[in-house]
Amino acid sequence: MSLLSTVTNDDRPWLHAVHEKNKARSFQLGKSAIDALVKEGNPVTLNSVHNKSKVIDPTGKGIHPNTIKTNELLFDYYKQHSQSYKKRQTNKRPSQLNTTQDTDLRRINPNRNLVHLRQKYMKLTKQELVDKLLHAEQFIAENHSKWTSKIFAGFI
């Protein structure tokens with residue numbers, strides 16, 4: 001076992017202060033960059049905030065776009081001012097396929113267009129795919145049990 005895996009953050013209490021300092025710096029720098037972009041009339045995107053923060057930062061480092069997403073306060077501030085984020089949220093489409101309970105597995109056509117079906121499945125979330133798979137497996141198990149009992153009923 002390596003030394004790094006045995007050391008926890010509780011063993012380094014000084015690290016909490018460093019993280020808080022960096023989080024506060026990121027928030028201040030990101031907020032200043034967003035405010036400057038709004039004032040200039042430029043769009044507020046993750047990349048534009050990143051680039052503007054490099055210009056504003058006295059050290060020239062700026063903040064990374066992922067830092068905007070992981071810093072809760074900064075991300076909330078970003079969401080309030082970003083038109084592209086708001087557009088993306090309103091344009092999200094609900095799933096194209098019916099729910100798994102609406103799918104009638106007895107009526108599946110073996111000659112269906114698999115390319116089109118694959119595209120439909122790729123739009124589903126992981127949870128929707130798992131539900132669909134569990135529903136299909138349950139259907140197969142129940143029908144296999146019925147088929148087996150019919151086959152062996154003649155032998156008894």
Residue pairs meeting side chain to side chain donor-acceptor pair (under 3.5 Å), one or both in residues 59-69, sequence neighbours left out, come to D57-T59
Exercise for the section: Kindly determine whether K23 and E72 satisfy side chain to side chain contact (heavy atoms under 4.5 Å, CB included), including the steps that lead there. Expected result: CA-CA 10 Å; K23 191 182 262 189; E72 298 89 13; 3.8 Å; yes
Evaluation steps, side chain to side chain contact (heavy atoms under 4.5 Å, CB included), between K120 and H116:
CA-CA 6 Å; K120 287 171 96 175; H116 179 65; 3.6 Å; yes
Same cluster (ILVMFWY, side-chain, under 4.5 Å), L129 and L114: yes
CD1 of I140 to OG of S145, rounded to nearest 0.5 Å, is 13.5 Å
Nearest heavy-atom approach of S48 to P43 is OG-O, 3.0 Å
Q) Does the pair K39/D35 count as a salt bridge with the N-to-O cut at 4.0 Å? A) no
dist R118:CZ -> M122:CE (nearest 0.5 Å) comes out at 5.5 Å
Distance-only side-chain donor-acceptor flag, D76 / Q80, under 3.5 Å: no
### Task
Using modelled atom types only, decide if a donor and an acceptor are shared between the side chain of S82 and the backbone of K79 within a distance under 3.5 Å.
no
On a heavy-atom basis, the closest approach of K52 and A36 is CE-CB, 3.8 Å
The remaining residues in the hydrophobic cluster of I68, counting side-chain heavy-atom contacts under 4.5 Å among Ile, Leu, Val, Met, Phe, Trp and Tyr, are F27, L29, I34, L37, V38, V44, L46, V49, I56, I63, L73, L74, F75, Y77, Y78, Y85
Closest heavy-atom pair, A33 versus S53, reported as atoms and distance to 0.1 Å, is CB-N, 3.9 Å
Here the gap from E20 atom CD to L15 atom CG, rounded to the nearest 0.5 Å, amounts to 10.5 Å
Output for pair (E128 CD, L133 CG), nearest 0.5 Å, gives 13.5 Å
When rounded to the nearest 0.5 Å, the distance separating CZ of R12 from NE2 of H19 is 8.0 Å
